[in-house]
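Below is one structure; the comments refer to it alone.
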Amino acid sequence: MSNSQALTKSALWDWLTTVDHKKIGIMYLVAGAFFFALGGLEAMLIRIQLMFPESNFVSAQAFNELITMHGTTMIFLAAMPLLFGLMNFIVPLQIGARDVAFPFLNSLGFWLFLSGGILLNLSWFFGGAPDAGWTAYVPLSSAEYASTGLDYYVLGLQISGAGTLIGGINFLVTIITMRAPGMTMMKMPLFTWSSFVASALILFAFPALTVGLFLLMFERLFGANYFIVEAGGNVVIWQHLFWIFGHPEVYILVLPAFGIFSEVLSTFSKKRLFGYSAMVFATLIIGFLGFMVWAHHMFTVGMGPVANAIFAVATMAIAVPTGIKIFNWLLTIWGGRIKFTTANLFALGFIPSFVLGGVTGVMLATSAANYQFHDTYFVVAHFHYVIIGGVVFGLFAGTFYWWPKIFGYMLNETLGKWFFWLFLFGFHLTFFVQHFLGLMGMPRRVASYLDGQGLNDLNFISTIGAFFMAVAFILLLVNIFVSRNDKAVADPWDGRTLEWATPTPVPEYNFAQTPVARELDALWYEKMQGNKKMPVAEPLGDIHMPNGSILPVIMSIGLFIASFGFIYHTYWISVVGLGITLGCMVVRSVKEDHGYHIPVEEIQQDKEVG
Amino acid sequence: MGHAAHNTGTLPPNPEKATLEGRNKFLAFWFFLGGETVLFASLFGTYLGLRNGTAGGPTAADIFHLPLVFIMTMILLTSSLTSVFAMLAMKKGNFKQMLVWMWVTVALGVTFLGLEIYEFIDYTNQGLTFTSSAFGSAFYTLVGFHGAHVAFGIGWIITLLIRYRKGGLTLTNAPKFYLASLYWHFIDVVWVFIFTVVYLMGIGG
């Protein structure tokens, strides 16, 4: 074996076994971007099909599979992992920690997510993708109406959901116990705060999905009767379980994005975030109310006027803390020295776009009017305004803002601005007209529409907008490629928070000496005091690090194998797969692993080079 | 940590929370139990929604065998108590005694699980199966999830007991035993709710 082969092999092994939060963050970002492109491709196929009336570009069955996989992929396999990627890389740096609380579990969470995502997408090649919508309502998703695609859905989401839950617990503990000295909860950067609240939502929301998926799995595979009305079952139970998870999920996605906007707007306005404590409490209140409103997805199911009214009022109440946030952002940029970088453009573009989504949200929350909007393109327009206008804009703002820290080079600003304007224009072009399509009565999730109903022009416009977004995304990929030699400095934006106090590239141990955070925006405070460096809490010494492990990969493969056993009713394969996973758990429990130390000389050397 | 840990003479008073790793695990496990609470709450909700969906088959009042379930309840409650004794022994630094009490806990857990299997077989023979009605599905799912948790707990504690049968208490294994005991209490609490919501309400209301 030649030397270069040995090198590549060990690099692969390094990535498979790594427990470094930064490398895991990068893997989340890469995998999330892949699934984002996949979900985008599915969206393009949907829009091409709807470009003209009575089109046969894809079959009705393929259309159903496309809408299901587009939604499922974008929510579970693109938006969440991309946010997890940023959280993984940035949160430990922002709180001045050397790693997350559980590096091994962090790796396990990632590999579970990836194997679940791959499993779900393999359904395309084995008998067709799931086709019951991303919400998988019974009886559409029952054994009677849906083929093996739904089994891939149930098991793929179960596995990746377990990964998400593990990640959520890990962030909660990390943020509580691993903060640098001096950084009280009320001095944490807002991205850390919103990651914390989102993690709490994950912890309390995902188990409901776990149960829902188990029930659907048991019914499909083992003949249980929860949702079969003749046998005493009830289909609405699925809807409740799904939305008890599904509504908090919306806030799991958007709260970290709110955190990103808070960082970006404050950095590029050269001002401290306006109303920091109000922002924190608004985040907490949104998190709490997020659990109180799930049935607003079910207004037309027949819960009765009292239940509908309660859930309607609770839903509208969320507009209050969200409004507080919007005004705080506006007052943050008010009078600031605003720099229109690409990251900041996305943050500024977010404010009016998201407000539009919020307004239609209050309209939808009006339960009496909801009967008119339900299952039309009005709903599609609404949730794309909040998910793209909120979450995706947040992801792009975060990408441009943290790219230099994560990947060590600057993205090109000219290309970035082209990307922003094309995307903003395409986004509004695609979805603004869908409000009207919905009000005109065009139902969602239907593969085609008739000619001569007045729906042609707006659908055509919507599809053109989608092409703008696709071109914009390709520009981002081009940008990532052509900018790769533009090396970044450690603190390119004159940052305020602790991640900008680390050298670029960030060393394995993040901070040679744990910093002391004396104020909110700890780094900015030291800059204003005229200090060139953060004060430190400890002398230079050996640094304790966790060992890497291949077990997370093997555990994920075990569950992956077990899933195939379940899907094809070959249960000995499931036993083998589960055995592999449980065996790895036993190994992990029995083998004490105390990690290793990086000697102080090596750290000294790094410091001199950096 | 870990290097000086094998010297039992110098262990701090709360060895399970003496290291950062131990404290992290302790906190994470409480969060995990929070998530487990939502999991069981969802299962309870499903059961309550479906408990009258008997589709002409046996109802709860027809088949539940309360004396047996009462004995099972007492056994599981006692096992919680013995795991408390184990933790008290740990805090006193009496590792041997802790192991004994943990083994007693495991033995009671196995007895409970055996009785539950017997109970399930009995109900199945009387016509209530996993597929006979929505009530049957919901019943076996809720109680079965609990049973699976008991089985996992037994496997976990036995693994720890065999792994640490020699060598004494350390700062590494103290949190492990402590968390296993916490988990055991949790599944005991869940059973108290099952006894009330499934069995007592099934017979009485």
Side-chain angles (χ1 to χ4, degrees), chain A residues 100-102 105 162 165-166 168-174 176-178 199-200 202-212 214-215 218-219 222-234 236-238 240-241 244-245 248 291 544 546 582 585-595, chain B residues 1-3 5 20-21 23-57 129-138 140-142 144-145 152 155-156 158-160 162-164 170 172-173 176 180:
Chain A
V100 291
F102 303 102
L105 287 184
L165 189 64
I166 288 171
I169 293 178
N170 199 352
F171 283 123
L172 282 172
V173 177
T174 302
I176 291 178
T177 66
M178 308 285 279
S199 301
I202 288 173
L203 173 63
F204 294 114
F206 265 74
L209 178 71
T210 305
V211 169
F214 267 126
L215 298 186
F218 291 166
E219 181 167 308
F222 310 131
N225 296 312
Y226 319 101
F227 311 125
I228 297 186
V229 179
E230 307 90 273
N234 183 343
V236 182
I237 287 175
W238 166 266
H240 279 293
L241 288 175
I244 287 172
F245 147 77
F291 278 99
H544 176 251
L582 281 172
M585 287 169 76
V586 170
V587 170
R588 175 70 187 169
S589 175
V590 163
K591 224 180 101 198
E592 286 185 5
D593 184 348
H594 295 298
Chain B
M1 50 147 283
H3 304 294
L20 176 64
E21 200 185 336
R23 278 197 300 279
N24 281 348
K25 281 185 177 176
F26 183 71
L27 184 61
F29 205 78
W30 271 105
F31 281 129
F32 169 71
L33 292 183
E36 287 268 271
T37 306
V38 178
L39 181 119
F40 276 103
S42 303
L43 288 168
F44 273 108
T46 305
Y47 175 80
L48 286 173
L50 297 176
R51 70 191 183 113
N52 295 320
T54 50
T129 68
F130 188 62
T131 55
S132 65
S133 67
F135 162 62
S137 302
Y140 287 111
T141 307
L142 170 58
F145 253 88
F152 183 85
W156 180 11
I158 288 179
T159 307
L160 289 181
I162 293 174
R163 168 67 177 84
Y164 295 109
T170 66
T172 308
N173 65 24
K176 297 189 181 198

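For the set A:Leu241, A:Thr174, A:Leu215, A:Val211, the entry with the most heavy-atom pairs within less than 4.5 Å of chain B is A:Val211. Heavy-atom pairs under 4.5 Å with chain A were tallied for B:Gly53, B:Gly155, B:Ala134; the largest tally goes to B:Ala134. For the options B:Tyr164, B:Trp156, B:Phe135, heavy-atom pairs under 4.5 Å to chain A are most numerous at B:Tyr164. With chain A as partner, the option from B:Thr141, B:Leu43, B:Thr159 having the largest number of non-hydrogen pairs under 4.5 angstrom is B:Thr141. Comparing B:Leu50, B:Thr129, B:Asn52 by heavy-atom pairs within less than 4.5 Å of chain A, the highest count is held by B:Leu50.
Using a 4.5 Å cut-off between heavy atoms, A:Ile202 does not touch chain B at all. Heavy-atom distances place no part of A:Ile228 under 4.5 Å from chain B, backbone and side chain included. Contact of A:Phe206 with chain B is not made at all, since no heavy-atom distance falls under 4.5 Å. For A:Glu230, the part lying near chain B is the backbone, with the side chain staying farther off; criterion is any non-hydrogen pair under 4.5 Å. Only the side chain of A:Phe214 comes within contact range of chain B, with heavy atoms under 4.5 Å apart. Contact annotation for A:Leu165: neither backbone nor side-chain heavy atoms come within less than 4.5 Å of a heavy atom of chain B. The contact between A:Ser589 and chain B is made by backbone and side chain atoms together, counting heavy-atom distances below 4.5 Å. Heavy atoms closer than 4.5 Å to chain A are found nowhere in B:Ile162, neither backbone nor side chain. Within the 4.5 angstrom heavy-atom criterion, only side-chain atoms of B:Lys176, from C-beta onward, approach chain A. Using a 4.5 Å cut-off between heavy atoms, B:Phe152 touches chain A through its side chain atoms alone. Residue A:Ile176 touches chain B through its side chain alone, counting heavy-atom pairs closer than 4.5 Å.
Side-chain contact check for B:Ser42 versus B:Val38: some heavy-atom pair is nearer than 4.5 Å. Using a 4.5 Å cut-off on side-chain heavy atoms (C-beta onward), A:Ile169 and B:Phe29 make no contact.
The side chain to side chain donor-acceptor pair (under 3.5 Å) test applied to A:Thr177 returns B:Asn24, not counting sequence neighbours.
For A:His544 (side chain) and A:His594 (main-chain N/O), a donor-acceptor pair under 3.5 Å exists by modelled atom type. Formation of a donor-acceptor pair under 3.5 Å by the A:Glu592 side chain with backbone atoms of B:Thr172 is not found in this model. A donor-acceptor pair is defined here as one N or O able to donate and one able to accept, closer than 3.5 Å; such a pair exists between the side chain of B:Ser137 and the backbone of B:Phe130.
When every heavy atom of B:Thr131 is checked against every heavy atom of A:Phe222, the shortest pair comes out as CG2-O, 3.3 Å.
Here the straight-line distance linking atom CZ of B:Phe32 with atom CG of A:Leu172 works out to 14.0 Å at 0.5 Å rounding. To the nearest 0.5 Å, atom OH of residue A:Tyr226 and atom CZ of residue A:Phe218 are 6.0 Å apart. A:Asn225 CG to A:Phe227 CZ: the interatomic distance, rounded to the nearest 0.5 Å, is 11.0 Å.
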